[in-house]
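Take a look at the structure below.
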Amino acid sequence: MAAGIVNIRRDVDDKFYRYRMPLLTTKIEGKGNGIKTVIPNMSDVARALSRPPTYTTKFFGCELGAQTTFDEKNDRYIVNGAHDANRLRELLDVFIEKFVLCKSCKNPETELIVLKNGRQEEIIRDCKACGERTGVDMRHKLTTFIVKNPPVKAKKGKRANAGDAAAGVGGGGGGGSPEPTAEGGDTPDAGAESDDELTRKIKAEAAELNTETKLANEDWSADTSPEAVKQRVKALEASMAATALGGDDDGGSDDDANSPYAQLGKWIEEHPDEDAKARSLAIYKKAEELGIEKKHKTLTVLVQALFTANIVSEIEKYGALLTKMVTSEKHQKSLLGGVERFIGFSHPDLLPAVPKILMAFYQIDVLDEEVITQWGTHVSKKYVDKDTSKKVRKASEPFLKWLEEADSDEDEE
């Protein structure tokens, strides 16, 4: 992990943990009764947590029984008195536990919402990862400050800019900064079970697969017999019927056999062509005809329908088509979802080939390093069941390690 960057949950010792923040720094200024602790990078830390920097500074004041002052124009956040950096980092961990982490899944991808219940107010953490809404301890003095200075909700489509502080930082939307005040302290409460167990299992079980050794000995050939083609068509149709493609931004449900996505998948399977260029053009025209050439979910179907057991060599052949259709991070994620279904539904025997498959996509520049790393360390039920998702990501471990080592070499140079 780069110097000065730590996991938001510092109890998680995982290089692939996607939620990171700058290490809190302090500077002592003044003497005698005027001595104070300035936190130079409070804005960066708070941005990574998607909370206003006034919340974190005020929390320190509550816990230490010290006055706090905020000068937002000059980006100065001050706690009166001399306070050790390690002590403030420990208190920051408490703040994260009490006001950032989802109490259900322990994910920091939350936003604070102030609700009015009659004459009383309640502050909840709305988790964007698991969907749970969990309350905070309203006995803490900081809650009074939050109620008086509620967070400014981020505009739809624009998440809080948490990625500036560190690559892959997550969080909810606590944008605006409230007015300055000061008060005393309280105590932390206990957490819940970690959702990083699956990630740890992925890494622990990766060694058992001995993936790299298996890859060297694998040899695949495509079965192009009519029976095999029919089986693949059936598998594709079954996967579309069994697993919803989702209707998040396209409107409606697209998992039935008559949806444009299912039609495209079936058409691709029924129109094989020896010439990859001609087939690529025909596929794109068909997608245009169905009105889904720019939809990210088209990539999920494309991977399932287009490739065979020889996927590693076929990716380069269809590179031009993939490059044209993958135009955003959402498209990349849908392509990776297609890989999960391709392996999980049709070709479980290709599980050891996942690193080679990812490398092939990476080499034709349709997958970014950040997207692959985030995908590889975050198990999801969006495209397949959780067990299959875990297996595919576990198999990708050698490629993720290669990416990390390549980054380390570049940093050293």
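Side-chain atoms are counted along with the backbone in the values below, which use heavy atoms only and exclude waters and symmetry mates.
In terms of heavy atoms, T298 sits closest to Y261 at OG1-CE2, 3.6 Å. Listed here is the closest heavy atom pair of H83 and A66: NE2-CB, 4.2 Å. The heavy-atom pair separating A360 from I315 by the smallest distance is CB-CD1, 3.6 Å. The minimum heavy-atom distance linking F59 with L91 is given by the pair CE2-O, 3.3 Å. Shown here for Q332 and V366, the closest heavy-atom pair between the two residues is CG-O, 3.3 Å. Nearest heavy atoms, P150 versus V114: CB-CG2, 4.1 Å.
A distance of 4.5 Å separates CG of L49 from CD1 of I96, quoted to the nearest 0.5 Å. Between atom CG of residue L299 and atom CD of residue Q304 there is a gap of 11.5 Å, rounded to the nearest 0.5 Å. To the nearest 0.5 Å, atoms CZ (F70) and OG1 (T57) are separated by 5.5 Å. Taking CD of E293 as the start and OG1 of T327 as the end, the distance is 10.5 Å to the nearest 0.5 Å. For the atom pair CD of Q363 and NZ of K356, the computed distance is 11.5 Å after rounding to the nearest 0.5 Å. Here CD of E63 is found 11.0 Å from CG of L88. Values are rounded to the nearest 0.5 Å.
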Exercise for the section: Evaluate the side chain to side chain donor-acceptor pair (under 3.5 Å) criterion for residues H331 and S328: first the C-alpha distance (whole Å), next the side-chain angles of each, then the deciding distance (0.1 Å), finally the verdict. Expected result: CA-CA 5 Å; H331 286 82; S328 72; 2.6 Å; yes
Handout entry: Audit row: F99, T143, side-chain contact (heavy atoms from CB on, under 4.5 Å) steps and yes/no
Key = CA-CA 9 Å; F99 294 97; T143 58; 4.0 Å; yes
Exercise for the section: Using the ring pair (Phe, Tyr, Trp, His ring centres under 6.0 Å) rule, take H347 and F307 through it: C-alpha gap first, then chi angles, then the decisive distance, then the call. Expected result: CA-CA 10 Å; H347 296 277; F307 297 116; over 10 Å; no
Practice task
Check step by step if side-chain contact (heavy atoms from CB on, under 4.5 Å) holds for F145 and T54.
Solution key: CA-CA 10 Å; F145 181 80; T54 48; 4.3 Å; yes
Exercise for the section: Just do the side-chain contact (heavy atoms from CB on, under 4.5 Å) check on K36 and V79 with the steps written out, would you? Expected result: CA-CA 6 Å; K36 57 192 174 185; V79 181; over 6 Å; no
Exercise for the section: Run the numbers on W375 and E340 for side chain to side chain donor-acceptor pair (under 3.5 Å), then give the verdict. Expected result: CA-CA 11 Å; W375 168 85; E340 290 182 66; 3.1 Å; yes
Problem - Full working for side-chain contact (heavy atoms from CB on, under 4.5 Å) between M138 and Q120 - result: CA-CA 10 Å; M138 293 302 292; Q120 292 184 329; over 6 Å; no
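K286 has a carboxylate O that lies under 4.0 Å from a charged side-chain N of E289, or vice versa, which qualifies the two as a salt bridge. At a threshold of 4.0 Å, the pair K391-D387 counts as salt-bridged, since one of the basic side-chain nitrogens sits closer than that to a carboxylate oxygen. Ion pair D71/K73 not flagged as a salt bridge, since none of the NZ, NE, NH1 or NH2 atoms sits closer than 4.0 Å to an Asp/Glu carboxylate oxygen. In this structure, K333 pairs ionically with E329, as a charged nitrogen and a carboxylate oxygen lie closer than 4.0 Å.
Between I372 and L400, the closest side-chain pair of non-hydrogen atoms falls below 4.5 Å. Side-chain contact between L24 and F60: present, with at least one pair of heavy atoms (C-beta onward) separated by less than 4.5 Å. Contact annotation: the side chain of N107 approaches that of H378 to within less than 4.5 Å [non-hydrogen atoms, C-beta and beyond]. Proximity of T37 to I78: side-chain heavy atoms (C-beta onward) are nowhere separated by under 4.5 Å. Between Y284 and M325 there is a side-chain heavy-atom pair separated by less than 4.5 Å. Side-chain contact between L290 and W267: absent, with no pair of heavy atoms (C-beta onward) separated by less than 4.5 Å. When side chains are defined from C-beta on, Y77 counts as touching E72, because their heavy atoms get closer than 4.5 Å. Residues V354 and F399 form no side-chain contact, since every pair of their non-hydrogen atoms from C-beta on lies 4.5 Å or further apart.
Distance alone, capped at 3.5 Å, places no donor-acceptor pair between the N7 side chain and the D13 backbone. For the pair D385 (side chain) and T388 (backbone), a donor-acceptor distance under 3.5 Å is present. Not one N or O on the side chain of S389 forms a donor-acceptor pair closer than 3.5 Å with the backbone of V384. When atom types are taken as modelled, the side chain of R76 and the backbone of T69 share no donor-acceptor pair closer than 3.5 angstrom. Side-chain N or O atoms of R341 include one that pairs as donor or acceptor with a backbone N or O of Y383 at under 3.5 Å.
Each of V326, L322, L336 was evaluated against L367; a single residue qualifies, L336, per the side chain to side chain contact (heavy atoms under 4.5 Å, CB included) test. Under the side chain to side chain contact (heavy atoms under 4.5 Å, CB included) rule, T110 has a single partner from R51, R133, E132, which is R51.
Residue E288 qualifies as enclosed at atom CD: its count of foreign heavy atoms under 6.0 Å is above 12. Within 6.0 Å of CG in N86 there are more than 12 heavy atoms belonging to other residues, nucleotides or ligands.
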